[in-house]
Amino acid sequence: HVQLVESGGDSVQAGGSLRLSCVASGFAGSNLYMAWFRQALGKEREGVAGIDSDGRTTYADSVAGRFSISKDNAKNTLYLDVNSLKPGDTAIYYCAAAPRRVVLWLLRTEGSYHNWGQGTQVTVS
């Protein structure tokens with residue numbers, strides 16, 4: 001069973017940057033397919049970025065060019081660098097992991113994952 005713990009959320013002004021982290025335990029990070037999702041108040045959860053075991057990435061159009069997902073397999077840690085933040089980026093950000101193969105085009109699909117973190121709040125004003 002993979003356990004995930006996110007951190008790094010904060011309240012920032014528009015245009016600011018943050019680095020979100022997600023530490024995975026219970027499974028080797030190099031073999032995990034992982035993603036970041038977010039859920040704004042009153043809205044459905046949205047997959048914003050995903051990364052496969054080979055390091056290939058996919059992004060939602062709304063964050064492409066501003067957000068960057070990466071993994072440090074030695075530290076079993078997933079990152080999301082969020083830049084040029086907008087008020088519309090305000091949400092709880094969750095990381096998700098799957099220990100089995102997820103094809104690239106399904107990396108940002110909620111149903112691809114059974115392991116979720118508790119979330120970290122990002123507020124942009």
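Keep in mind that what you see is a predicted model, and the values were worked out from it rather than measured.
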Legend entry - Residue pair Leu85 / Leu18, side-chain heavy-atom distance below 4.5 Å: yes
Legend entry - Atom CD of Gln13 with >12 non-hydrogen neighbours under 6.0 angstrom: no
Inset, instruction - Decide yes or no for Thr120 and Ser7: does some side-chain heavy atom of the first lie under 4.5 Å from some side-chain heavy atom of the second? - result: no
Legend entry - Interatomic distance, Asn73 atom CG to Leu78 atom CG [nearest 0.5 angstrom]: 10.0 Å
Can you list, pair by pair, the side-chain donor-acceptor contacts under 3.5 Å of residues 34-47, counting residues two or more places apart and other chains?
from  : atom 1 : to    : atom 2 : distance (Å)
Trp36 : NE1    : Tyr79 : O      : 3.2
Arg38 : NE     : Glu46 : OE1    : 2.8
Arg38 : NH1    : Asp89 : OD1    : 2.9
Arg38 : NH1    : Tyr93 : OH     : 3.0
Arg38 : NH2    : Glu46 : OE1    : 3.4
Gln39 : NE2    : Lys43 : O      : 3.1
Glu46 : OE2    : Ser62 : OG     : 3.3

Using a 3.5 Å cut-off and no angle test, enumerate the donor-acceptor pairs between side-chain atoms of residues 94-107 and protein atoms at least two apart in sequence or in another chain.
from   : atom 1 : to     : atom 2 : distance (Å)
Arg100 : NH1    : Ser112 : O      : 3.4
Arg100 : NH2    : Ser112 : O      : 2.9

Inset, instruction - Check side chain to side chain contact (heavy atoms under 4.5 Å, CB included) between Ser11 and all other residues, then give those that pass, not counting sequence neighbours. - result: Thr123
Inset, instruction - Check whether any side-chain N or O of Thr90 sits under 3.5 Å from a backbone N or O of Val124 as a donor-acceptor pair, and report yes or no. - result: yes
Inset, instruction - Would you give the length of the straight line joining atom CG of Leu32 to atom NZ of Lys71, rounded to the nearest 0.5 angstrom? - result: 6.0 Å
Legend entry - Atom pair OG (Ser21) and CG (Leu4), whose distance is rounded to the nearest 0.5 Å: 12.5 Å
Legend entry - Reported CG-to-OH distance for the pair Asn115 and Tyr33, which is rounded to 0.5 angstrom: 14.5 Å
Legend entry - Distance-minimising heavy-atom pair for Ile51 and Ser70: CD1-CA, 4.1 Å
Inset, instruction - Establish, from distance only, whether the side-chain atoms of Arg108 and Thr58 form a donor-acceptor pair under 3.5 Å. - result: yes
Inset, instruction - Could you check if a side-chain atom of Val122 sits within less than 4.5 angstrom of a side-chain atom of Val82, using non-hydrogen atoms only? - result: no
Inset, instruction - If a pair satisfies disulfide bond (SG atoms under 2.5 Å apart) and one of its residues is in residues 37-71, list it, with sequence neighbours excluded. - result: none
Inset, instruction - Could I get the full list of side chain to side chain donor-acceptor pair (under 3.5 Å) partners for Asp10, not counting sequence neighbours? - result: none
Inset, instruction - Could you list the residues that satisfy side chain to side chain donor-acceptor pair (under 3.5 Å) with Asp72, not counting sequence neighbours? - result: none
Legend entry - Joint hydrophobic cluster, Val23 plus Ile92, side-chain heavy atoms closer than 4.5 Å: no
Inset, instruction - Give, for atom CG of Leu80 and atom OG of Ser68, the distance between the pair rounded to the nearest 0.5 Å. - result: 7.5 Å
Inset, instruction - Working to the nearest 0.5 Å, report the span between SG of Cys22 and CD of Glu6. - result: 5.0 Å
